[in-house]
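Protein chains get the first letters and strands the later ones, always in sequence-line order, with residue 1 at the start of each.
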There are 2 protein chains.
Amino acid sequence: MVVEAPAECCSLAATPIGAADAECLAKRLKALSDPTRLRVLSHVAAQGCEAVCACDLIEVLDISQPTVSHHLKKLVEAGLLTREQRGRWAHYTVVREAFTELHQFLDLR
Amino acid sequence: MVVEAPAECCSLAATPIGAADAECLAKRLKALSDPTRLRVLSHVAAQGCEAVCACDLIEVLDISQPTVSHHLKKLVEAGLLTREQRGRWAHYTVVREAFTELHQFLDLR
DNA sequence: ATCTTACATTGACGACCATCGATGTGACGG
DNA sequence: CCGTCACATCGATGGTCGTCAATGTAAGAT
């Protein structure tokens, strides 16, 4: 599942958004609306340009491995993270453009 | 239900956020993660400083009145809108500070 | 006082979601 | 080839959510 960008990189303050754009933005925001996912994302983002492997997250967040895997998948599907396989490890990096779009949308004028 | 501000107005890119801040931010973002609610919010925001009454939203969005009322309540509870009663009408306005906080949080450096 | 209008609340229903244990998979080491 | 490690997937469970019809409520109009 891939989330396409809204028709125009709209702002909340501009003319009311259409149903299609709302649907697409809601998917991105839904991926952000879980506390565990925010913490996962925060750990990856705090690493800057360095990719983070999943095993680190299991230790730090103290939740089960399937749950971490589940959340990482959701974040990748929402286009907020990218996944890169290196041997047996999976490394994750933040997609900056996705946040730029959200950032613009949340900007009231 | 009121959403308190996170301990420090943190950014995703700073040091990993704690569980409490994540919980609080997730509540705000959850209120934004529904397409109907985004459209409601967008209609109010597009009105600028003018307050918007609920009856307008029912017409424009073509959803039932209880559903509009439900979403408006969620948005107020999340601190994203304020409600003001004027006679029989309820008027809603955007809380700009709430969006400023989210805006800062989504800013990667 | 009665009726209407604008909106909130309730209750119910179906859909979705976060979590975890169990299990599968593919890469690497010996 | 076999065991281990890192991770994905599956299935089940308990909880949450969006939606609407029905009903309640409070303010203004007649």
query = A:Val95 and A:Leu81: same hydrophobic cluster, using ILVMFWY side-chain contacts below 4.5 Å?
reply = no
ask   = Can you check the B:His70 NE2 to D:dC17 P distance for me, whole Å?
value = 8 Å
query = Do A:Phe105 and B:Leu32 come close enough that some side-chain heavy atom pair is under 4.5 Å?
reply = no
Protein-nucleotide distance (A:Gln85, atom CD; D:dA6, atom P), rounded to Å = 13 Å
inquiry  = Hydrophobic cluster membership, with links at side-chain heavy-atom distances under 4.5 Å among I/L/V/M/F/W/Y: are B:Leu12 and A:Leu61 in one?
reply    = yes
task = Using atom CG of A:Leu81 as one end and atom P of D:dC7 as the other, report the distance to the nearest whole Å.
result = 14 Å
query = Do B:Val52 and B:His43 have side chains that get closer than 4.5 Å, going by heavy atoms?
reply = no
ask   = Nearest-Å distance, CG (B:Leu72) to P (C:dA8)?
value = 7 Å
ask   = Want to settle it: does B:Ser69 or A:Thr36 sit nearer the 5' end of DNA chain C, counting the closest nucleotide to each?
value = B:Ser69
ask   = Quick one: is B:Arg83 getting a side-chain N or O under 4.0 Å of the C:dA8 phosphate, OP1 or OP2?
value = yes
ask   = Taking NZ from B:Lys27 and C1' from D:dT16, how many angstroms apart are they, rounded to a whole number?
value = 14 Å
note = Testing D:dC17, C:dA6, D:dC7 for proximity to the side chain of B:Trp89, the answer is C:dA6
ask   = Is A:Ser64 near enough to C:dC20 that one of its side-chain N or O atoms lies under 4.0 angstrom from OP1 or OP2?
value = yes
ask   = Can a donor-acceptor pair under 3.5 Å be found between the side-chain atoms of B:Gln65 and the base atoms of C:dA8?
value = yes
key: Gap between atoms NZ and C1', on B:Lys30 and C:dC16 respectively (whole Å)   = 12 Å
Pairwise side-chain contact, A:Thr67 with A:Ile58, heavy-atom cut-off 4.5 Å (strictly under) = no
message = Can you identify which nucleotide, out of C:dG21, C:dA8, C:dT19, has its nearest atom closest to the A:Pro66 side chain?
response = C:dG21
ask   = Looking for any heavy atom pair under 4.0 Å, which part of the strands does B:His71 touch: base, sugar-phosphate only, or nothing?
value = sugar-phosphate
ask   = Quick one: on DNA chain C, does B:Cys53 or A:Lys74 contact a more 5' nucleotide (nearest heavy atom)?
value = B:Cys53
Distance in angstrom units between A:Asp34 CG and C:dT19 C1', rounded = 10 Å
task = Name the nucleic acid region contacted by A:Arg86, choosing base, sugar-phosphate or nothing; use a 4.0 angstrom heavy-atom cut-off, strictly under.
result = nothing
inquiry  = Using OP1 and OP2 only, check whether a side-chain N or O of B:Thr67 sits under 4.0 Å from D:dG18.
reply    = no
remark   = Rounded to whole Å, the CZ-P distance (A:Arg88 to C:dA27) equals 11 Å
